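Side chains included, hydrogens not; waters and symmetry mates left out as well; all remaining heavy atoms used. Ligands are counted one by one from 1 in listed order, and the atoms in each one are counted from 1 as well. Numbers here simply count residues along the sequence, with the first being 1. Quick caveat: nothing in here was measured; it's all calculated off a predicted structure.
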Amino acid sequence: MIIERIWVGNTLRNFNYLLACPDSGEALAIDPLDHRQVLAVARDRGWHITQILNTHEHHDHIGGNAAVAAATGARVIAHELASSRIPDVDRGVGAGDVIQVGRTVELECLDTPGHTLSHICLLAHTGQPALFSGDTLFNAGAGNVRNGGNVHALYRTFVDQLMRLPANTRVFPGHDYIENNLAFTLSREPDNRDAAALLERVRGHDPAGAPVATLAQEMRHNSFFRLDQARIIAGLRLNFPDLPEQPDAETVFIKLRELRDLW
Ligand SMILES: [Zn+2]
């Protein structure tokens, strides 16, 4: 599988992706927004985009569907519950469904509610697995739940699904928020050396060349994976004096999400 990450360069800081089968040249476009760039990259590489996958229904993840489909004839795939909110969906998918691209690429659909209630992450079971996480998991952060989401569902998605994936899984999120997210991590854990070192590396960076983190790295610098850390809990109890001394992990997650909304 060939992965092409496309930096849109917009204020929302979106990444678009093309995943291609090297044998057949067939490609899947994930969350196309900048259709010109997506089509240009496919043309340059000699690929034919046959499918589009929208991780969820937000406008900045579906905005290029119509133009890409018109230019290529690609079929549109989305969560089975999102088809009423995304125009012209050809295939609705749920947990465990497989998207085949050409002869060599197979992508497993994970049903990952939270950011919205109809959100799909794609998992490639390649030698080193790859997760296309949309707006569920960001580098050093988690999706917000302000536009049709639910924080309890997001917590369950993190604990029941994302945290159980192989540690060497590479993470390909829908946006570049890494700099701001690492600053948030350091606001919660000022002595987190992994976060400090990575922030140093990416500060003022060109997102087109952003590093790709693994889940093992996320476990070290992403507060939403570090729910049992004493420093994080102690900090939260300053912000929320009513918190018990040992809050459960879900409460820690919810309070972190609340503070990140204000960050
Ligand atoms: Zn979104």
What N/O/S atom of H58 is the closest to the Zn ion (ligand 1)?
ND1

To check you understand the geometry: which heavy-atom pair defines the closest contact between V171 and E218, and what is its length?
CG2-CG, 4.3 Å

Please lay out, stage by stage, how D135 and H175 fare under the test side-chain hydrogen bond (donor to acceptor under 3.5 Å, both in side chains).
CA-CA 7 Å; D135 286 0; H175 295 264; 3.2 Å; yes

Looking at D90 and R75, is any side-chain nitrogen of the basic one under 4.0 Å from a carboxylate oxygen of the acidic one?
no

To the nearest 0.5 Å, atom CD1 of I233 lies from atom CD of Q246 at 6.0 Å

Indicate if the distance from the Zn ion (ligand 1) to the nearest N, O or S atom of H115 falls below 2.8 Å.
yes

Is there an N/O/S atom in D60 that lies less than 2.8 Å from the Zn ion (ligand 1)?
no

Which atom, among the N/O/S set of H56, is closest to the Zn ion (ligand 1)?
NE2

Indicate, with yes or no, if the rings of H58 and H119 have centres closer together than 6.0 Å.
no

Taking the N/O/S atoms of D135 one by one, which is nearest to the Zn ion (ligand 1)?
OD2

